[in-house]
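All values below come from the heavy atoms of this structure, side chains included, with hydrogens, waters and symmetry mates left out. Being a predicted model, the structure only gives us computed values, none of them experimental.
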Amino acid sequence: VQLQASGGGLVQTGGSLRLSCAASGGTFSVNTMGWYRQAPGDQRDLVAVATSGGATNYAGSVKVRFTISRDNAKNVVFLQMNSLKPEDTAVYYCCLRVGNGLFTGCRPNDFWGQGTLVTVSS
């Protein structure tokens with residue numbers, strides 16, 4: 001399975017971006033797709049995940065500003081990011097986990113994309 005993320009860029013505080021991640025090379029009837037982010041010097045943290053059944057889970061810091069969605073027919077996951085803040089600056093990674101990862105997210109040995117950089121200027 002390969003994951004290709006896109007949509008990162010430079011945006012001002014308060015702006016919006018939409019990330020996309022397309023999965024190819026495999027089909028799993030029950031799966032979880034999600035987004036993590038890693039700022040310089042920090043660990044990789046969960047942002048949001050969504051199961052193939054439609055359940056979602058968010059980090060508290062983004063819950064009212066970000067929305068995760070999926071197109072299961074196309075194996076694509078999106079992350080709509082609104083009201084962006086400088087602290088949202090990070091490399092954003094998409095992931096896919098076979099099975100239900102709603103509360104545990106993706107694991108290191110699951111499938112990961114290459115990352116897309118989001119920079120929010122103050």
Side-chain angles (χ1 to χ4, degrees):
V1 173
Q2 294 183 333
L3 301 175
Q4 182 68 45
S6 61
L10 174 64
V11 65
Q12 292 185 334
T13 296
S16 298
L17 281 175
R18 189 188 194 212
L19 305 183
S20 301
C21 177
S24 61
T27 303
F28 308 99
S29 58
V30 178
N31 64 76
T32 302
M33 296 186 76
W35 293 93
Y36 281 67
R37 66 186 181 187
Q38 186 170 21
D42 288 348
Q43 65 182 17
R44 189 175 297 189
D45 292 326
L46 181 146
V47 177
V49 292
T51 69
S52 50
T56 59
N57 192 22
Y58 294 87
S61 60
V62 307
K63 195 169 186 177
V64 296
R65 300 184 295 122
F66 293 7
T67 301
I68 188 170
S69 60
R70 296 180 52 150
D71 183 336
N72 287 334
K74 297 181 179 179
N75 293 325
V76 178
V77 63
F78 305 96
L79 185 68
Q80 178 65 44
M81 304 185 293
N82 299 327
S83 302
L84 283 161
K85 305 174 181 180
E87 50 264 44
D88 295 317
T89 295
V91 177
Y92 284 69
Y93 297 90
C94 62
C95 62
L96 185 151
R97 171 177 174 173
V98 178
N100 189 337
L102 182 64
F103 298 109
T104 52
C106 295
R107 300 157 298 184
N109 60 342
D110 288 320
F111 302 105
W112 291 85
Q114 84 286 5
T116 185
L117 177 63
V118 172
T119 303
V120 185
S121 63
S122 57

Do Leu84 and Ile68 belong together in a cluster built from hydrophobic side chains that touch within less than 4.5 Å?
-> yes
In a table with atom names and distances, give each donor-acceptor pair under 3.5 Å that connects a side chain of residues 16-30 to protein atoms at least two apart or in another chain.
unit_1, atom_1, unit_2, atom_2, d
Ser16, OG, Asn82, OD1, 2.9

Any chance you could pull the hydrophobic cluster mates of Leu46, using side-chain heavy atoms under 4.5 angstrom and chaining through other members?
-> Tyr36, Val49, Val91, Tyr93, Leu102, Phe103, Trp112, Leu117
Spell out, yes or no, whether Val11 and Trp35 are grouped together once hydrophobic residues are joined by side-chain heavy atoms under 4.5 Å, including indirect joins.
-> yes
The reported gap from CD in Gln4 to OG1 in Thr116 (rounded to nearest 0.5 angstrom) is 9.0 Å
Salt bridge (charged side-chain N to carboxylate O under 4.0 Å, His left out) involving Arg37 - partner list, sequence neighbours excluded | Asp88
Give a yes or no on this: more than 12 heavy atoms of other residues, nucleotides or ligands lie within 6.0 Å of atom CD of Gln2.
-> no
In Å, rounded to the nearest 0.5 Å, how long is the span from OG1 of Thr13 to CD of Glu87?
-> 8.0 Å
How many angstroms lie between atom OG of Ser122 and atom NZ of Lys85, to the nearest 0.5 angstrom?
-> 14.0 Å
Just by distance, do the side chain of Arg65 and the backbone of Ser83 share a donor-acceptor pair under 3.5 Å?
-> yes
Is a side-chain donor or acceptor of Ser52 paired with a backbone partner of Asn31 at a separation under 3.5 angstrom?
-> yes
Find the distance between OG1 (Thr32) and CG (Asn100) and round it off to the nearest 0.5 Å.
-> 5.0 Å
To the nearest 0.5 angstrom, please state how far the CZ atom of Phe78 sits from the CG atom of Asp71.
-> 6.0 Å
